[in-house]
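Working notes for the structure below.
Keep in mind the model is a prediction, meaning the values are calculated, not measured. Side chains are part of it too, since the values below use all heavy atoms of this structure and drop only hydrogens, waters and symmetry mates. For this chain, numbers begin at 1 and follow the sequence in order.
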Amino acid sequence: MLLLALSDAHIPDRSIDLPSKFKKLLNVPNKIGQVVLLGNCTRSYQFLKFVNEVSSNVVIVRGEFDNATIRTVQNVKEEIPMNTIIKQGDFKIGCCNGYTLVPKSDPLSLLILARQLDVDIMLWGGTHSVEAYTLEGKFFINPGSCTGAFSTDWPLQDDALQGEGSPSAKLNGAATAPQPTEGEAGDENGLQQELSTSSRTPREAEARVLGSPNNRRELEGGAADVEAEENSEDDEEVDEVDINGGCIPSFCLLDISGSTCTLYIYTFVSGEVKVDKVVYKKD
């Protein structure tokens, strides 16, 4: 059973559409059994139409920029829940958008919600950055923004990302990634990259997936260069990627079989689709 997790499309407010290569990969009939929209994905009819073409089984939870209700195919308004639970294989999967938590998207707050919902896997959105980690035996997944829409949240500093108390990310490499259908993915066949099995904090896992952040300061020039930089009166130019939380389009595909969940993380970097893999087994 393939479960597609999308979040934070922000169409048409902050983005126009999914990357074309994402659409080609996902436009494979009868392959994906269910789609979960983890907030801020309901403002575009064309986007929702495409999602329904990927799978007719669509689950939606509300983001901070979604309306409280949505019109169904029968032209009936239905309330969008703040969180919900779905079942696949031996797993109970919780779904929410991180803005409902205090602090927002905090790992311990997510753990409390996962306990309240009594779920094995927690899917959430709102940060626009890919995250995948385990905490107290539960698996937490954030697919990031499927369009690479900018985030208005202030970026976390490096020292905050590695603070004490952060849950370790136990990312176990899977064997293979799903291959794109012939003629639809072009040169995407060489994208298999296995994740390291070493322990990382959630944000360190994100850095592994998305590449080294551009805003990490290099100190190779020595103390003199650092002092000169601090004394400079010129405004430092900050890359747009550093401000808006990445702007890297991404989504997650969960292949669930019994008590094993194989997570495929798709990111669109420098015009190419890259795939990482994580395996989570229920105890």
Task: Pro143 backbone acceptor or donor facing Ser250 side chain under 3.5 Å - done: yes
Open item on the list: Any salt bridge linking Asp90 with Lys282? Criterion: basic side-chain nitrogen under 4.0 Å from a carboxylate oxygen.
Closed with: no
Task: CA sep, side-chain torsions, deciding dist, call: Asp13, Phe65, side-chain contact (heavy atoms from CB on, under 4.5 Å) - done: CA-CA 10 Å; Asp13 305 309; Phe65 298 102; 5.7 Å; no
TODO: Heavy atoms only: give me the nearest Leu117-Gly94 pair and the separation to one decimal.
DONE: CD1-CA, 4.4 Å
Open item on the list: Could you measure the distance from the CG atom of Leu37 to the CG atom of Leu4? Nearest 0.5 Å is fine.
Closed with: 8.0 Å
Task: For the student: nearest non-hydrogen atoms of Leu18 and Cys146, plus distance - done: CD2-O, 3.3 Å
TODO: Any chance you could pull the hydrophobic cluster mates of Tyr99, using side-chain heavy atoms under 4.5 angstrom and chaining through other members?
DONE: Met82
- [ ] Tell me, please, which residues at least two apart from Phe251 pass ring-ring contact (aromatic ring centres under 6.0 Å, His included).
- [x] Phe22, Tyr266
TODO: Count the heavy atoms of every other residue, nucleotide or ligand shown that sit under 6.0 Å from NZ of Lys87, and state whether that count exceeds 12.
DONE: no
Task: Residue pair Cys96 / Asn83: nearest heavy atoms and the distance that separates them - done: CB-CB, 3.9 Å
Open item on the list: Could you check whether any side-chain N or O of Ser15 sits under 3.5 Å from a backbone N or O of His10, counting only pairs where one atom can act as donor and the other as acceptor?
Closed with: no
- [ ] State, to 0.1 Å, how close Ser7 and Gly125 come at their nearest heavy-atom pair, and which atoms those are.
- [x] OG-CA, 3.4 Å
- [ ] Begin with the C-alpha distance, continue with both residues' side-chain angles, and end with the deciding distance and a verdict on side-chain contact (heavy atoms from CB on, under 4.5 Å) for Ile86 and Cys95.
- [x] CA-CA 8 Å; Ile86 58 180; Cys95 309; 4.3 Å; yes
Open item on the list: Taking Glu272's backbone N and O only, do any of them form a donor-acceptor pair with Lys21's side chain (distance below 3.5 Å, no angle check)?
Closed with: no
Task: Exercise: identify the closest heavy-atom pair between Cys41 and Leu48 - done: O-CD2, 3.5 Å
Open item on the list: According to a hydrophobic-cluster definition based on side-chain heavy atoms being under 4.5 Å apart (Ile, Leu, Val, Met, Phe, Trp, Tyr only), do Ile141 and Ile112 belong together?
Closed with: no
Open item on the list: Measuring from atom OG of Ser105 to atom CH2 of Trp124, what distance do you get when rounded to the nearest 0.5 angstrom?
Closed with: 6.5 Å
Open item on the list: Within this structure, what is the CG-NZ distance for the pair Leu110 and Lys138, rounded to the nearest 0.5 Å?
Closed with: 12.0 Å
TODO: Decide side-chain contact (heavy atoms from CB on, under 4.5 Å) for Asp17 and Lys23; before the verdict, give the C-alpha distance in whole Å, the side-chain angles of both, and the deciding distance to 0.1 Å.
DONE: CA-CA 9 Å; Asp17 201 357; Lys23 298 186 78 170; 3.0 Å; yes
- [ ] Give a yes or no on whether the backbone of Asp118 and the side-chain of Lys92 come within a donor-acceptor separation of less than 3.5 Å.
- [x] yes
Open item on the list: Determine whether a donor-acceptor pair (N or O, by modelled atom type, separation under 3.5 Å) exists between the side chain of His128 and the backbone of Ala149.
Closed with: yes
Task: Heavy-atom donor-acceptor pair, Asp66 side chain to Gly63 backbone, under 3.5 Å - done: yes
- [ ] Look up atom CG in Asn67 and atom CZ in Arg43, then write down how far apart they are to the nearest 0.5 Å.
- [x] 5.5 Å
- [ ] Please answer: with hydrophobic residues joined when any side-chain heavy atoms are less than 4.5 Å apart, are Leu113 and Phe140 in the same cluster?
- [x] yes
Open item on the list: Quick check for you: to the nearest 0.5 Å, what is the distance between Leu2 atom CG and Ile32 atom CD1?
Closed with: 6.5 Å
Open item on the list: Using modelled atom types and a 3.5 Å cut-off, is there a donor and acceptor pairing between side-chain atoms of Asn97 and backbone atoms of Arg62?
Closed with: no
TODO: Applying side-chain contact (heavy atoms from CB on, under 4.5 Å), run through Phe139 and Val278 and close with a yes or a no.
DONE: CA-CA 11 Å; Phe139 194 24; Val278 184; 3.9 Å; yes
Task: Shortest non-hydrogen contact from Ile80 toward Val61 - done: CG2-C, 3.5 Å
Task: Interatomic spacing from OG1 in Thr147 to CZ in Phe268 - rounded to 0.5 Å - done: 12.0 Å
TODO: Please examine the side chains of Asp276 and Val130, heavy atoms only from C-beta on, and report whether any two atoms are closer than 4.5 Å.
DONE: no
Task: Side-chain donor/acceptor of Tyr280 to backbone N/O of Tyr133, under 3.5 Å - done: no
